[in-house]
Amino acid sequence: MGQYGRTIAVAPARTGLLGLMAMLMVAACAGLGRAPDPHSPMLSPEAAGVSQLVTAAGLADWGRTHDDPGALIMAARIVAEVPLRNQGDQPPLLTFEGLLDEAEAMAAGQPAYLAAIEQVRGQTVRGVVSSPFGRGPIATVKDVRARETFAFEVDARGGEILRIAAIGDGDTNIDLIIRDADGRLLCQDGFGDHYPVCTLMPRVAGKVRVSVVNRGEIWTKVQILSN
């Protein structure tokens, strides 16, 4: 994507736009964050939605690092497919419009990208009416202070996949730790990024404790997702 982004700036606007849209269609067809297999009852549509949003967060992060508006456009398309059951007073961090606004600012002076952004805006229905991701993941946004841990409990269903993610605003690294009621470690994602995700399937129903850890020296906003 980064290499394509460098070539598109010197290509004619129409050719560059067609190439960009072709690239986005190929990426979409490749199965990024695809809907769940209907024959796998353990994986809910909402759990698949969590994965799709983490995919979008990673792609957007790559686009920012490589100064590639195309990656942000693709991330916006991925986010647009997933409805959210938003809880709390703060709006989601990762949004369709927000990603396109970032892409637009990054694409200043590149008409092919700007035209593609307008096309994607015009083609995407605001507010998902029907989605392969069901009602969508539960989402809430929290402010987490430097070196602080935000912890909460979740009722996990036995024999069903539970997927939890924490998408930070990018200021600091975020870790995700999940333990059972007895304190045993069930999952930990601490790979040094700001979009950790944990997937587990408890054998029996019960409470699990989720810890979202800010590893940085400054406070950060974190969008927490679960099915």
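Listed here is the closest heavy atom pair of Ala165 and Leu176: CA-CD2, 4.1 Å. In terms of heavy atoms, Leu94 sits closest to Ala57 at CD2-N, 3.9 Å. The two residues Ala80 and Phe96 make their nearest non-hydrogen contact at CB-CD1, 3.6 Å. Between Pro92 and Val141, the shortest heavy-atom distance links the atoms CA-CG2, 4.0 Å. Nearest heavy atoms, Arg209 versus Ala151: NH2-CB, 3.4 Å. Smallest separation of non-hydrogen atoms from Ala156 and Pro202: CB-CG, 3.7 Å.
The CD atom of Glu104 lies 12.0 Å from the CG atom of Leu72; values are rounded to the nearest 0.5 Å. Taken to the nearest 0.5 Å, the CG atom of Asn173 stands 12.5 Å off from the CZ atom of Phe191. Note: Asp68 CG to Met74 CE = 12.5 Å, rounded to the nearest 0.5 Å. Between atom CZ of residue Arg163 and atom CG of residue Leu43 there is a gap of 5.5 Å, rounded to the nearest 0.5 Å. Interatomic distance, Ile78 CD1 to Ser51 OG, rounded to the nearest 0.5 Å: 12.0 Å. For the atom pair Asp175 CG and Ser211 OG, the distance stands at 10.5 Å (nearest 0.5 Å).
There is a path of hydrophobic side-chain contacts, each under 4.5 Å, that joins Val212 to Leu200. The same ILVMFWY cluster, assembled from side-chain heavy atoms under 4.5 Å apart, contains both Leu225 and Val79. Note on Val222 and Ile178: same hydrophobic cluster, where clusters join Ile, Leu, Val, Met, Phe, Trp and Tyr whose side-chain heavy atoms are under 4.5 Å apart, directly or indirectly. Two different hydrophobic clusters hold Leu162 and Tyr195 under the rule that ILVMFWY side chains link at heavy-atom gaps under 4.5 Å. One hydrophobic cluster, built from ILVMFWY side chains closer than 4.5 Å, holds both Ile174 and Ile224.
Listed for the Asn214 side chain is a donor-acceptor partner under 3.5 Å among the backbone atoms of Ile218. Checked by atom type and distance alone, the side chain of Arg215 never pairs as donor or acceptor with a backbone atom of Thr172 at under 3.5 Å. Between the side chain of Asp189 and the main chain of Val197, a donor-acceptor pair closer than 3.5 Å is present. Using a distance-only test at 3.5 Å, with no hydrogens or angles considered, no donor-acceptor pair links the side chain of Asp182 to the main chain of Arg184. Between the side chain of Asp180 and the backbone N or O of Gly206, no donor-acceptor pair lies under 3.5 Å. Judged purely by atom type and a 3.5 angstrom limit, Asp169 uses its side chain to pair as donor or acceptor with the backbone of Lys221.
Around CZ of Arg135, the count of heavy atoms belonging to other residues, nucleotides or ligands within 6.0 Å does not exceed 12. Residue Arg147 places its CZ atom among more than 12 non-hydrogen atoms of other residues, nucleotides or ligands, all under 6.0 Å distant.
Exactly one residue among Ser226, Ser44, Cys198, Pro137 makes a side chain to side chain contact (heavy atoms under 4.5 Å, CB included) with Val50. That residue is Pro137.
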Check the pair Lys142, Gln90 against side chain to side chain contact (heavy atoms under 4.5 Å, CB included), reporting the backbone distance first and the verdict last. CA-CA 8 Å; Lys142 295 292 182 182; Gln90 298 196 55; 5.8 Å; no
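No side-chain heavy atom of Ile167 sits less than 4.5 Å from a side-chain heavy atom of Leu93.
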